[in-house]
2 protein chains.
Amino acid sequence: MMPMGGIGVGLDDDSAALDTGAAVSAHEVLAVVLQIRHDRLSVLLWRRALPPCEGLWALPGGRLGGTEGLDESIRRQLAQKVDVRDLTHLEQLETRGEPDRHPRGRTLATAYLGLIPADIDPATPDDTEWHPASDLPAMGFDHAAIVHSARRRLRAKLSYTNVGFALAPPEFTMSELSRYYRAALGHDVAATNLRRVLLRRGQIEETGESVPSGRSGGRPAAVFRFRVRRMEITDAFAVLRPPSDT
Amino acid sequence: MMPMGGIGVGLDDDSAALDTGAAVSAHEVLAVVLQIRHDRLSVLLWRRALPPCEGLWALPGGRLGGTEGLDESIRRQLAQKVDVRDLTHLEQLETRGEPDRHPRGRTLATAYLGLIPADIDPATPDDTEWHPASDLPAMGFDHAAIVHSARRRLRAKLSYTNVGFALAPPEFTMSELSRYYRAALGHDVAATNLRRVLLRRGQIEETGESVPSGRSGGRPAAVFRFRVRRMEITDAFAVLRPPSDT
DNA sequence: CCAGTTTATGTCCAACAGGCGAAAACTTGT
DNA sequence: ACAAGTTTTCGCCTGTTGGACATAAACTGG
């Protein structure tokens, strides 16, 4: 805290930084990789074999390389735990820098949110497992808090963007899709309403195909797909829209 | 890029990082401080007197200290350019880490978004000035891009949160508030509808007072205030709400 | 006291979303 | 072939929301 909260002297930023004792700080990247598995939102975690936090579960990630960008780095690190080609979406989440967040000394962490569609079962190393996001195991560092941030972000974005495409397989029926939404949002979503809303927003379209429904009979379900498979904001937010020019 | 994009060997993250050549990377914090000034959304910038980027305009900020957290650091750095007590809101925006974003060598930057209410005119050092966000001067580094991120974030949040409190003075009339919204959003906002929406969402309330309107006469305007003066999400997003239990 | 200006209130309408029930389309069993 | 059961689809109704607009209210100045 600056004394009195007033304006300090107009030092140049570089010099000002030096006398505060800028230190060599490590920087790591982490990823919260989410996938709907068996109707549950799940996170990819690995069990630490070595200290610090030995035996606890942690997010995939690692130290930032000297010549790579953040996006580049998280993809490289992630490749050690899962096939990165399966990722349908990856975005930056937040950066944490509390001085004591890492027992090994000052380490900043930039966390990412990654999504994998529900239809695939990526191969993972032995130390790596999927855990339900609503029932996390004992986790090291501040990783549990980061997972919660990611869930919140995902829930919000499901409502005003087309992120659904990243959770669902390329083609799906409405009842499947509503199950994915239910798993991610934590509450029921009526397939009927979901269909109407996503169609009106132009997020999804019918492929023309249809597939027989579950084994006990029933009307065949129409097959849909997302029209665009990269993130877009599709809900021009409610209030305060620019005046319509019709 | 990993060859074939497959799964790498299961190295521990720390060791994996070392052989990639983890380097001493500097970390800086930056802030996009926005305020509505004379009906225009404006950014606080300072002119660099020394290289790199000498003579260009830059965001306030500086090197992260060795023992401080990110939030702590940005407040300290900001105190050199403006009275931090005037900030009504401060949130993390994004972190940039392209290896070439800083000519002096590898420097990560975590950017913040800060807001100052429209009614005050904070004292600033000689090298520091307010610039219209829609008409930026020549800026160094990637700072112009960061300002654009901040504007987008603010526009979005005005629609589904109560951030308005951070742009407006503690008390205001509806026509004043609609001018602030217009400046921040870039389009007209009808005071009538704004009032109805913000009242229904419980964001604002009448103080009971009223003030005479502009110098040329007119009905006195009712005075309002925001009920809560810290960020809250007030629009439980449209679609996909939990089923109502009425 | 009237004209002009600004704010407040109310109404209309279109869009939207949630709920529900009926119809459609299919499977299985008799 | 037909009935029963299941799942999806479609249409209707309702309550809410937000943008536009018109009218009423309140005040100033001449």
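So you know, we letter chains A, B, ... as the sequences are listed, proteins then strands, and number each from 1. In this text, all values refer to a predicted model and were calculated from it rather than measured experimentally.
At a threshold of 4.0 angstrom between heavy atoms, the contacts of B:R196 include nucleobase atoms, whether or not backbone atoms are also involved. Residue-level contact check: A:A222 touches the backbone only, with heavy atoms under 4.0 Å from sugar-phosphate atoms and none from bases. Among the protein residues, A:T192 comes within range of the nucleic acid bases, having at least one heavy atom under 4.0 Å from a base atom. Using a 4.0 Å heavy-atom criterion, one finds that B:T173 contacts no nucleic acid atom at all.
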Steps toward salt bridge (Lys or Arg N to Asp or Glu O under 4.0 Å) verdict (B:E94, B:R153): CA-CA 10 Å; B:E94 67 186 12; B:R153 171 80 63 98; over 6 Å; no
Evaluation steps, salt bridge (Lys or Arg N to Asp or Glu O under 4.0 Å), between A:D127 and A:R47: CA-CA 6 Å; A:D127 60 358; A:R47 186 178 214 120; over 6 Å; no
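If you take CZ of B:R195 and P of D:dG19, they are 16 Å apart, rounded to a whole angstrom. What separates CZ of B:R219 from P of C:dT6 is a distance of 15 Å, to the nearest Å. In this entry the distance linking CD of A:Q203 with P of C:dC16 reads 13 Å, nearest Å. Here C:dT7 presents its P atom at 9 Å from CZ of B:R179, a figure rounded to the nearest Å. To the nearest angstrom, C1' of D:dT7 lies 17 Å from CG of A:L194. Going from atom CG of A:D188 over to atom C1' of C:dG18 covers 13 Å, rounded to whole Å. One interatomic measurement links the two molecules: CG of B:L199 to P of D:dT17, which rounds to 13 Å at whole-angstrom precision. Computed from coordinates, the B:N193 CG to D:dA22 P distance equals 14 Å when rounded to whole Å.
Between B:R200 and the phosphate of D:dG18, there is a side-chain N or O to OP1/OP2 separation shorter than 4.0 Å.
Residue whose closest nucleotide on DNA chain D sits further toward the 5' end, between A:M174 and B:P220: A:M174.
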Which atom pairs, donor and acceptor, lie under 3.5 Å between side-chain atoms of residues 217-230 of chain B and protein residues at least two apart or in another chain?
{"from": "B:R225", "atom 1": "NE", "to": "B:E205", "atom 2": "OE2", "distance (Å)": "2.9"}
{"from": "B:R227", "atom 1": "NE", "to": "B:G202", "atom 2": "O", "distance (Å)": "3.3"}
{"from": "B:R230", "atom 1": "NH2", "to": "B:E232", "atom 2": "OE2", "distance (Å)": "3.4"}

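Here the shortest heavy-atom pairing between B:L158 and B:Y181 reads CD2-CE2, 3.8 Å.
Within the 4.5 Å cutoff, no side-chain heavy atoms of A:H143 are placed close to those of A:L45.
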